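Computed from a predicted structure; not experimentally measured. Just the heavy atoms: all of them, side chains too, but no hydrogens, waters or symmetry mates, feed the values below.
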Amino acid sequence: MMKKLFKRKTVLFLMMSLMLLLAACSSSGTGGQTGSGTSSGDSESSNKLVIGFSQVGAESEWRTANTKSMQEAIKAAGHELKFSDAQQKQENQIKAIRSFIAQKVDAIVFSPVVETGFETVLQEAKDAGIPVFLADRSVDIEDDSLWVTFLGSDFVEEGRKAANWLVEETKDEEGDVNIVELQGTVGSAPAIDRKEGFEEVIKDHPNHKIIKSQTGDFTRAKGKEVMEAFLKSDGDNIDVLYAHNDDMAIGAIQAIEEYGLKPGEDIKIIGVDAVKGAFEAMAAGKMNVTVECNPLFGPQMVDLIEAHIAGEEISKRVAVEESMYTMDQAEELLPTREY
C-alpha cells in the first residue's frame, strides 16, 4: 500500500514539475520577446522614434517650407514628432529643448536662433543620452561632442556667390558701386556667414562699397522699414541692395517703388533663398538674382537620425546642394518651384 502511495506521489510530482517547466518555457517565449523587443509586433514599434523638433519660427517662406519638409519627413518615416516654434526667441528654444529632454525623446533636431548660448542645455541633452542634430544653422560651441551633425547650407559660399555675381554684372561700370545691406537676425549663423562671404569677395574690388548695413531680422516688414530709412538718407546714391534673404528683399522692393525708383533697374536687387516670391519678383523684372538655400532637406535629416541611432558613423558637417538663379530664368522656372 505504501509503495503504491509513493508511486502515485512520484507521478504527481513529476507531472507538476513538467507543467511548471512548460509554463516557464511559454513565459520566456512570449514575455521575454516583449521585453527584448524581438517579437514581430514590438519590432515595428522599436523602430519608431520620438523626435523633438525646435524651429526658429515662421519668419519667411523659406522657413515655412523647411518646417513642412521636416514635419512631413518625420511622419512619413513612421516616427512621432514633437514640434515647437521658438518665434525667433532663444529663451523659447531652450525651454523647448528642456521639455524634449523631460519627455525622453529619442532625438532632438533644432535650428538655432543664434549661434551662442546653448552649451548648458545641450550638455543636459548629452547627459540624458539624447543625440542632438543641427538643422540649417550651426552653433558656436567649443565642445562639438554636444551635437551629432550639422545638416544645412554653406552660408559663406552663398555670400560669395552673391558678390561674384555682382562683380561680374558691374565689371564694365565706372566709378563706385554703392551697396546697401539688409542683414539677417543679429548673431544668427546665416547673417554672420552671408556677410562674411560677400565681404570676402568685394574686398578685392575697392570700388564696391557697402555704404549702409542694418538688420532686417529676415522679415518682409522689417526689410521694408529699414530700406525706407536707407532711401531717406541715401536714396540717390544706392546702386545695389544685398539682402540676406528674399523676404527682406521683397519688402525692400515695395519701399523702392514707393520711393519712386524701379527695383531691378535703378537699384539692382540680390536676395538669398530662391523662394517662389523671389521668382515672381524676378519674372516681373523687379529682382535681379537669388542665391538658392534649399529648405527641403527633411528626408535627408531623418536618414541621418536613423543612421546614427543604428550605430553608423556620420560626418560632422553634411551640405545641401544648391544653385543660383537670375532674372532671365525666372519665368520658365517659376511653375516648378516647390516653396
Run the numbers on Lys161 and Glu322 for salt bridge (charged side-chain N to carboxylate O under 4.0 Å, His left out), then give the verdict. CA-CA 11 Å; Lys161 285 178 180 177; Glu322 294 161 337; 5.4 Å; no
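Looking at heavy atoms from C-beta onward, Ile305 lies in side-chain contact with Phe133 at the 4.5 angstrom threshold. Residues Ile309 and Pro131 form a side-chain contact, since some pair of their non-hydrogen atoms from C-beta on lies under 4.5 Å apart. In this structure the side chain of Phe155 reaches within 4.5 angstrom of the side chain of Pro190, judged on heavy atoms. Between Ser84 and Lys95 the shortest side-chain heavy-atom distance does not fall below 4.5 Å. The side-chain heavy atoms of Thr67 and Phe83, taken from C-beta on, include a pair separated by under 4.5 Å. With a 4.5 Å cut-off on side-chain heavy atoms, Tyr242 and Leu166 do not count as touching. At a threshold of 4.5 Å between non-hydrogen side-chain atoms, the residues Ser69 and Tyr339 do not count as touching. Counting heavy atoms from C-beta outward, Leu304 and Leu151 have side chains that approach closer than 4.5 Å.
Connection of Val50 to Phe53 is not established within any shared hydrophobic cluster, with ILVMFWY side chains joined at heavy-atom distances below 4.5 Å, either directly or through further cluster members. Note on Val132 and Ile101: same hydrophobic cluster, where clusters join Ile, Leu, Val, Met, Phe, Trp and Tyr whose side-chain heavy atoms are under 4.5 Å apart, directly or indirectly. Both Leu231 and Leu182 belong to a single network of hydrophobic side chains, linked directly or stepwise wherever heavy atoms of I, L, V, M, F, W or Y lie under 4.5 Å apart. With hydrophobic clusters built from ILVMFWY side chains whose heavy atoms lie under 4.5 angstrom apart, Ile179 does not share a cluster with Met227. Met282 and Ile267 fall within a single hydrophobic cluster, where Ile, Leu, Val, Met, Phe, Trp and Tyr side chains are chained together by heavy-atom contacts under 4.5 Å.
Proximity of a side-chain donor or acceptor of Arg63 to a complementary backbone N or O of Pro295 within less than 3.5 Å is not detected. Checking side-chain atoms of Ser188 against main-chain N and O of Val114 turns up no donor-acceptor pair under 3.5 Å. Side-chain atoms of Thr215 come within 3.5 Å of backbone N or O of Gly184 as a donor-acceptor pair. Within the 3.5 Å criterion, the main-chain N or O of Gln254 finds no donor-acceptor partner in the side chain of Lys286. No donor-acceptor pair under 3.5 Å is formed between the side chain of Asp140 and the backbone N or O of Thr116. A donor-acceptor contact shorter than 3.5 Å links the side chain of Thr219 to the backbone of Lys222. The closest donor-acceptor contact from the side chain of Thr326 to the backbone of Val289 lies at 3.5 Å or more, if one exists at all.
Under the 30°/60° scheme for interplanar angles, the aromatic rings of His205 and His208 are found to stand perpendicular.
Under the rule for a side-chain hydrogen bond (donor to acceptor under 3.5 Å, both in side chains), the partners of Asp217 that lie at least two apart in sequence or sit in another chain are Thr185. Considering only residues two or more places apart in sequence or on other chains, Glu61 meets the side chain to side chain contact (heavy atoms under 4.5 Å, CB included) condition with Arg220, Asp247, Ile250, Val275, Lys276. Checked against side-chain hydrogen bond (donor to acceptor under 3.5 Å, both in side chains), Asp246 has the following partners two or more places apart in sequence or in another chain: Thr290. Qualifying side chain to side chain contact (heavy atoms under 4.5 Å, CB included) partners for Ala281, counting only residues two or more places apart in sequence or in other chains: Ile253, Met287. Glu142 pairs by the side-chain hydrogen bond (donor to acceptor under 3.5 Å, both in side chains) definition with nothing, not counting sequence neighbours. Contacts of Lys104 classified as side chain to side chain contact (heavy atoms under 4.5 Å, CB included), with partners at least two apart in sequence or in another chain: none. Among residues two or more places apart in sequence or in another chain, the side chain to side chain contact (heavy atoms under 4.5 Å, CB included) test is passed with Val113 by Val56, Ala86, Gln93. Applying the side-chain hydrogen bond (donor to acceptor under 3.5 Å, both in side chains) test to Gln300 and every residue at least two apart in sequence or in another chain returns nothing.
Counting only N and O atoms by type, the side chains of Glu173 and Thr170 include no donor and acceptor under 3.5 Å apart. Residues Asn66 and Gln55 have side chains that bring a donor and an acceptor to within less than 3.5 angstrom of each other.
Within the structure, every pair that satisfies the salt bridge (charged side-chain N to carboxylate O under 4.0 Å, His left out) test and touches residues 114-128, not counting sequence neighbours, is listed here: Arg98-Glu124. For residues 255-274, the set of pairs meeting the ring pair (Phe, Tyr, Trp, His ring centres under 6.0 Å) definition, not counting sequence neighbours, is empty. Pairs of residues two or more places apart, or lying in two chains, that qualify as salt bridge (charged side-chain N to carboxylate O under 4.0 Å, His left out) and include a residue from residues 183-212 are Glu158-Arg194, Arg160-Glu200, Asp176-Lys209, Glu181-Lys195, Arg194-Asp273, Lys195-Glu199, Lys212-Asp234.
Within a 6.0 Å radius of CD in Glu91, other residues, nucleotides and ligands contribute more than 12 heavy atoms. Around the CD atom of Gln103, the shell of radius 6.0 Å holds more than 12 heavy atoms that belong to other residues, nucleotides or ligands. More than 12 heavy atoms of other shown residues, nucleotides or ligands fall within 6.0 angstrom of atom NZ in Lys224.
You'll find the ring centres of Phe118 and Phe110 inside the 6.0 Å limit.
Of all heavy-atom pairs spanning Ala163 and Ile202, the tightest one is CB-CG2, 4.0 Å. Contact detail for Asn294 and Ser153: the closest heavy-atom pair is N-OG, 4.2 Å. Of all non-hydrogen atoms in Ala274 and Tyr325, the two that sit nearest each other are CB-CD1, 4.1 Å. Nearest heavy atom pair, residue Glu306 against residue Ala77, reads OE2-CB, 3.9 Å. In plain terms, the two heavy atoms of Ala135 and Met301 that are nearest each other are CB-CE, 3.8 Å. The two residues Val272 and Cys293 have their closest heavy-atom pair at CG1-CB, 4.5 Å.
Between atom CZ of residue Phe100 and atom CD1 of residue Ile51 there is a gap of 11.0 Å, rounded to the nearest 0.5 Å. Once rounded to the nearest 0.5 Å, the distance linking CG of Leu261 with CG of Asp266 reads 5.0 Å. Taking CD of Glu313 as the start and NE2 of His308 as the end, the distance is 11.0 Å to the nearest 0.5 Å. The CG atom of Leu134 lies 11.0 Å from the CD1 atom of Ile108; values are rounded to the nearest 0.5 Å. Of the inter-residue distances, the one linking Met248 atom CE with Ser60 atom OG reads 9.5 Å to the nearest 0.5 angstrom. Atom CD1 of residue Ile74 and atom CG of residue Leu81 lie 4.5 Å apart, to the nearest 0.5 angstrom.
Electrostatic pairing of Lys75 and Glu80 does not count as a salt bridge here, judged by no charged N lying under 4.0 Å from a carboxylate O.
A side-chain contact (heavy atoms from CB on, under 4.5 Å) with Leu241 is found for exactly one of Ile269, Asn288, Ile270, namely Ile269.
Members clustered with Val167: Val201, by chain and number, using a 4.5 Å side-chain heavy-atom cutoff among hydrophobic residues.
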